[in-house]
Amino acid sequence: MKKILISAVAIVAIVLVAFVLNGFVLLALVVLLPVIVFRKRLRKDAACATRLLTMEEAVARYGDPDDSIIVDATCANEAAGCILVFKQKRMLVVAGEPISMDDITDVATVNTATPYTIGQYQLVLTTKKPESEYVRMNAGLDAGWAREVATQVIDVLRR
């Protein structure tokens with residue numbers, strides 16, 4: 001219902017702009033609006049097209065990891081809960097996403113709680129890659145655990 005109302009208001013606004021200004025503005029709006037919507041849909045489809053690796057796929061592709069850092073103990077056997085470390089290739093598989101160690105610029109922990117909810121701590125890796133500037137992983141409800149995991153990741157990056 002809300003989308004229909006917004007669409008109706010937009011159509012009325014376009015017609016009013018066309019009468020007040022001229023037909024060239026109406027033509028520009030009619031051409032530009034679908035192009036903008038189409039480009040947004042393409043970006044959304046491209047973001048959904050990237051598929052994350054499972055732990056088995058990462059091991060099959062890159063070999064046995066040199067180390068494994070458990071970020072979320074409840075998901076320890078899944079890619080979403082572990083960081084696989086490949087020292088020879090200088091690469092990490094973080095939440096199923098392969099990231100070069102050279103692309104990581106910062107490691108931090110963030111508390112996602114609000115004044116009204118209990119939130120998990122997250123491990124946040126900042127990268128140089130524009131398509132995935134921040135990689136977030138839930139680390140549980142313990143601040144000490146999240147800090148320890150961040151320290152382990154920093155130690156791996158220093159070596």
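Note that the structure is predicted; figures quoted are calculated from it, not measured.
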Engineer: Measuring from atom CD1 of I69 to atom CD of E148, what distance do you get when rounded to the nearest 0.5 angstrom?
Structural biologist: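 Going from the CD1 atom of I69 to the CD atom of E148 covers 10.0 Å.
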Engineer: Output the rest of the hydrophobic cluster of I118: all Ile, Leu, Val, Met, Phe, Trp and Tyr residues reachable through side-chain heavy-atom contacts under 4.5 Å, sorted by chain and number.
Structural biologist: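 Listed partners: L141.
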Engineer: Quick one: side chain to side chain donor-acceptor pair (under 3.5 Å) partners of R136, sequence neighbours excluded?
Structural biologist: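 Side chain to side chain donor-acceptor pair (under 3.5 Å) list for R136, sorted by chain: Q122.
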Engineer: Please find the pair of heavy atoms, one from G81 and one from M137, that lie closest to each other, and give the distance.
Structural biologist: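 Answer, listing the atom of G81 first, then M137: C-CE, 3.8 Å.
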Engineer: Identify the residue among D67, V94, I70 that makes a side-chain contact (heavy atoms from CB on, under 4.5 Å) with I83.
Structural biologist: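 The single option meeting the side-chain contact (heavy atoms from CB on, under 4.5 Å) with I83 is V94.
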Engineer: In the hydrophobic cluster built from side-chain contacts under 4.5 Å, what are the other members alongside V59?
Structural biologist: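 Grouped by the 4.5 Å side-chain rule, V59 forms a cluster of one, so the answer is none.
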Engineer: Kindly write out the residues that satisfy ring pair (Phe, Tyr, Trp, His ring centres under 6.0 Å) with Y134, not counting sequence neighbours, or none if the list is empty.
Structural biologist: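 Here no residue qualifies.
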Engineer: Quick one: do V124 and V149 end up in the same hydrophobic cluster if we chain Ile, Leu, Val, Met, Phe, Trp and Tyr together by side-chain heavy atoms under 4.5 Å apart?
Structural biologist: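 No, because V124 and V149 fall into different hydrophobic clusters, even though each may have its own neighbours under 4.5 Å.
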Engineer: Looking at every non-hydrogen atom in both residues, tell me the closest pair between N138 and V71 and how far apart they are.
Structural biologist: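 Looking at all heavy atoms of both residues, the shortest contact is O-CG1, 3.5 Å.
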Engineer: Should M101 and L92 be marked as a side-chain contact (heavy atoms from CB on, under 4.5 Å) after you check the CA-CA gap, both sets of side-chain angles, and the distance that decides it?
Structural biologist: CA-CA 6 Å; M101 289 185 191; L92 302 176; 3.9 Å; yes
Engineer: In the single-linkage hydrophobic clustering (I, L, V, M, F, W, Y; side-chain heavy atoms under 4.5 Å), do L84 and M91 co-cluster?
Structural biologist: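 Same cluster.
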Engineer: Report yes or no: do L123 and V156 belong to one cluster of Ile/Leu/Val/Met/Phe/Trp/Tyr joined by side chain heavy-atom distances under 4.5 Å?
Structural biologist: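 Yes; tracing contacts between hydrophobic side chains, which count when under 4.5 Å, links both residues.
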Engineer: What pairs meet the ring pair (Phe, Tyr, Trp, His ring centres under 6.0 Å) rule with one or both residues in residues 140-159, with sequence neighbours excluded?
Structural biologist: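 For residues 140-159: none.
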Engineer: Suppose the criterion is salt bridge (charged side-chain N to carboxylate O under 4.0 Å, His left out): which pairs have a residue in residues 75-102, not counting sequence neighbours?
Structural biologist: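 Output for this query lists R90-D102, E97-K129.
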Engineer: Can you name the closest pair of heavy atoms from C82 and A76 and give their distance?
Structural biologist: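 Between these two residues, the closest heavy atoms are SG-O, 2.8 Å.
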Engineer: In this structure, are over 12 heavy atoms from other groups packed under 6.0 Å from Q88 atom CD?
Structural biologist: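 Atom CD in Q88 is not packed in, count stays at 12 or less.
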Engineer: If hydrophobic residues (ILVMFWY) are linked whenever their side-chain heavy atoms come closer than 4.5 Å, directly or via other members, who joins Y116 in its cluster?
Structural biologist: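 Y116 clusters with nothing; isolated.
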Engineer: What pairs meet the ring pair (Phe, Tyr, Trp, His ring centres under 6.0 Å) rule with one or both residues in residues 58-115, with sequence neighbours excluded?
Structural biologist: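 Listed by first then second residue: Y62-F86.
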Engineer: What's the shortest heavy-atom distance between S132 and T127, and which atoms?
Structural biologist: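 The answer is O-OG1, 2.6 Å.
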Engineer: Under 3.5 Å, which donor-acceptor pairs link side chains of residues 103-111 to any protein atom two or more places apart or in another chain?
Structural biologist:
unit_1	atom_1	unit_2	atom_2	d
T105	OG1	T126	O	3.1
N111	OD1	A113	N	3.0
N111	ND2	Y121	OH	3.4

